[in-house]
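Quick note: numbers below take in every heavy atom, side chains included, and nothing from hydrogens, waters or symmetry partners.
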Amino acid sequence: MALLRVGLTGGIGSGKSTIASLFAMRGVPIIDTDEIARNLSEPGQEAFSKIVRIFGDSILDEGRRIDRDKLRERVFDNPEDRKHLEHILHPRIRTIVREKLAALEAPYVIIVVPLLIESGFTDLVDRVLVVDAFENVQIQRTAARTGLGESEIRKIMAAQASRAQRLQLANDVIENNADRKRLESEVERMHQWYQSLASTTR
Ligand code: ADP
């Protein structure tokens, strides 16, 4: 049985995590590349020592774990550093995603890839599902969730693909500007769609 691989992407605060959990509630397996990246950066992992060797102790927190906010700031301000970090993490993320895919038995899977377009991970998926929200909605939700200020959030958004770039690559779109109830019915609609696609491409 061929597994339909759906890549879920969207800008910060657009609703990826929320949508992933709504798919999970419907029994759909989720592969989260952010979680994989976090695990790879834990002390004791090969990637951890490589990251520390390149970026130095200044990116560690008091507990000598990688401070993701500091690391993010470093790579934002320095494209070379970003390349280094991607060079360490991306091949390993790919390998782990492939291993997880090989172990799955399901009609379809959601792979959450926040930077799907920026990272060139599109070859790992069969379809791209974009969650799209207005910029002011993204900012409002991210501010409420993280406490970051508007200018910081805008800086993160500026480093990500634009809404237009994402939408250009989208096979499917969930618009998330309304309330949670609306979002839930959008996810249910997509769930029906992917189940029907999976059953006809099998
Ligand atoms: P992402 O994973 O894309 O950064 P999240 O799923 O974490 O986005 O959503 C950002 C914040 O907005 C979270 O606190 C989430 O609970 C909230 N949120 C997401 N969608 C909605 C919605 N339709 N209505 C209200 N709040 C939402």
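Here the NE2-CG distance, from H84 to N78, works out to 8.0 Å after rounding to the nearest 0.5 Å. Rounding to the nearest 0.5 angstrom, the gap separating the CE atom in M25 from the CD1 atom in I30 is 11.5 Å. Atom CZ of R82 is separated from atom CG of L71 by 11.0 Å, given to the nearest 0.5 angstrom. Between the CG atom of D81 and the CD atom of E73 there is a distance of 12.5 Å, given to the nearest 0.5 Å. Between E35 atom CD and S17 atom OG the span is 10.5 Å, to the nearest 0.5 Å. Separation of atoms CG (L115) and CD1 (I12) is listed at 10.0 Å; rounding is to 0.5 Å.
No donor-acceptor distance shorter than 3.5 angstrom exists from the side chain of D126 to the backbone of L4, with no hydrogens or angles considered. Formation of a donor-acceptor pair under 3.5 Å by the R26 side chain with backbone atoms of L22 is found in this model. Between the side chain of Q138 and the backbone N or O of S14, no donor-acceptor pair lies under 3.5 Å. A donor-acceptor pair under 3.5 Å links the side-chain atoms of T200 to the main chain of L197, judged by distance alone. In this structure a side-chain-to-backbone donor-acceptor pair under 3.5 Å is present from T9 to V113. Between the side chain of R5 and the backbone N or O of L124 there is at least one donor-acceptor pair closer than 3.5 Å. With S41 contributing its side chain and F48 its backbone, the two residues share no donor-acceptor pair below 3.5 Å.
Ion pairing of D61 with R68 is absent here, as no side-chain N (NZ or NE/NH1/NH2) approaches a carboxylate O to less than 4.0 Å. Ionic pairing of E184 and K181 is not present here: no N-O contact between side-chain nitrogen and carboxylate oxygen is shorter than 4.0 angstrom. A salt bridge links R65 with E42; the closest basic N to acidic carboxylate O contact falls under 4.0 Å. Salt bridge status for R154 with E150: present, with a side-chain N to carboxylate O gap under 4.0 Å. Salt-bridge formation is detected for the pair R72/D69: a Lys NZ or Arg NE/NH1/NH2 atom is positioned less than 4.0 Å from an Asp or Glu carboxylate oxygen.
Counting heavy atoms from C-beta on, the side chains of R189 and I174 never come closer than 4.5 Å. With contacts defined as side-chain heavy-atom distances shorter than 4.5 Å, the pair I93/L40 qualifies. When side chains are defined from C-beta on, V109 does not count as touching V28, because their heavy atoms never get closer than 4.5 Å. Two residues are said to be in side-chain contact when any heavy atoms from C-beta on lie closer than 4.5 Å; V6 and V128 fail this criterion. Side-chain contact check for S58 versus R74: some heavy-atom pair is nearer than 4.5 Å. Counting only heavy atoms from C-beta outward, the side chains of F23 and V112 never approach each other to under 4.5 Å. In this structure, the side chains of K100 and L104 stay at 4.5 Å or more apart for every pair of heavy atoms. By the 4.5 Å heavy-atom criterion applied to side chains, V97 and I36 are counted as neighbours.
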Next item on the list: Let me see the working for K16 and D34 under salt bridge (charged side-chain N to carboxylate O under 4.0 Å, His left out), right down to the final yes or no.
Entry: CA-CA 11 Å; K16 297 176 294 295; D34 232 10; over 6 Å; no
Next item on the list: Go through the steps to decide whether S162 and M157 satisfy the test side-chain contact (heavy atoms from CB on, under 4.5 Å), and finish with yes or no.
Entry: CA-CA 8 Å; S162 67; M157 286 165 61; over 6 Å; no
Note to self: I'd like to know whether F121 forms a ring pair (Phe, Tyr, Trp, His ring centres under 6.0 Å) with H90, so could you lay out the CA-CA distance, the side-chain angles of the two residues, the decisive distance to 0.1 Å, and finally the verdict.
What the structure shows: CA-CA 9 Å; F121 280 179; H90 285 187; 4.9 Å; yes
Notebook entry, point to check: Passes side-chain contact (heavy atoms from CB on, under 4.5 Å), I66 versus L60? Steps please.
Noted result: CA-CA 5 Å; I66 290 172; L60 297 178; 4.0 Å; yes
Notebook entry, point to check: Would K83 and E80 satisfy salt bridge (charged side-chain N to carboxylate O under 4.0 Å, His left out), going step by step from the backbone distance to the final call?
Noted result: CA-CA 5 Å; K83 283 242 152 52; E80 276 297 303; 6.0 Å; no
Next item on the list: Could you please spell out the steps behind the salt bridge (charged side-chain N to carboxylate O under 4.0 Å, His left out) verdict for D132 and R166?
Entry: CA-CA 9 Å; D132 184 50; R166 269 191 294 268; 5.9 Å; no
Next item on the list: Evaluate the criterion salt bridge (charged side-chain N to carboxylate O under 4.0 Å, His left out) for residue pair R182 and E175; output intermediate values, then yes/no.
Entry: CA-CA 9 Å; R182 175 65 188 275; E175 198 210 280; 5.5 Å; no
Next item on the list: Check the pair K50 / I54 against side-chain contact (heavy atoms from CB on, under 4.5 Å), numbers first and verdict last.
Entry: CA-CA 6 Å; K50 291 201 170 185; I54 289 175; 5.5 Å; no
Next item on the list: Might you work through the side-chain contact (heavy atoms from CB on, under 4.5 Å) test for E186 and N176, ending with a clear yes or no?
Entry: CA-CA 9 Å; E186 284 289 291; N176 185 23; over 6 Å; no
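Shown here is Q140, whose CD atom has no more than 12 heavy atoms of other residues, nucleotides or ligands within 6.0 Å. Dense packing is recorded around CD of Q45, with more than 12 heavy atoms of other residues, nucleotides or ligands lying under 6.0 Å away.
Residues F76 and I156 share a closest heavy-atom pair of CE1-CG1, 3.5 Å. Residues A47 and L89 share a closest heavy-atom pair of CB-CD2, 4.2 Å. Across every non-hydrogen atom of A20 and L8, the tightest pair is N-CD2, 4.1 Å. When all heavy atoms of P107 and A198 are compared, the pair lying nearest together is O-CB, 3.5 Å. Here the closest non-hydrogen pair linking S21 and T18 is OG-O, 2.8 Å.
The cluster map of Ile, Leu, Val, Met, Phe, Trp and Tyr, joined by side-chain heavy atoms under 4.5 Å apart, puts I117 and I110 in different clusters. V131 and V137 sit in two unconnected hydrophobic clusters of ILVMFWY residues. Membership requires side-chain heavy atoms under 4.5 Å apart, directly or through other members. The hydrophobic cluster containing F134 does not contain L167, counting ILVMFWY residues as joined when their side-chain heavy atoms lie under 4.5 angstrom apart, directly or transitively. V75 and I153 fall into different hydrophobic clusters, defined by Ile, Leu, Val, Met, Phe, Trp and Tyr side-chain heavy atoms under 4.5 Å apart, directly or through other members.
Ring-plane geometry between Y194 and Y108 is classed as tilted, the angle between the planes lying from 30 to 60 degrees on a 0 to 90 degree scale.
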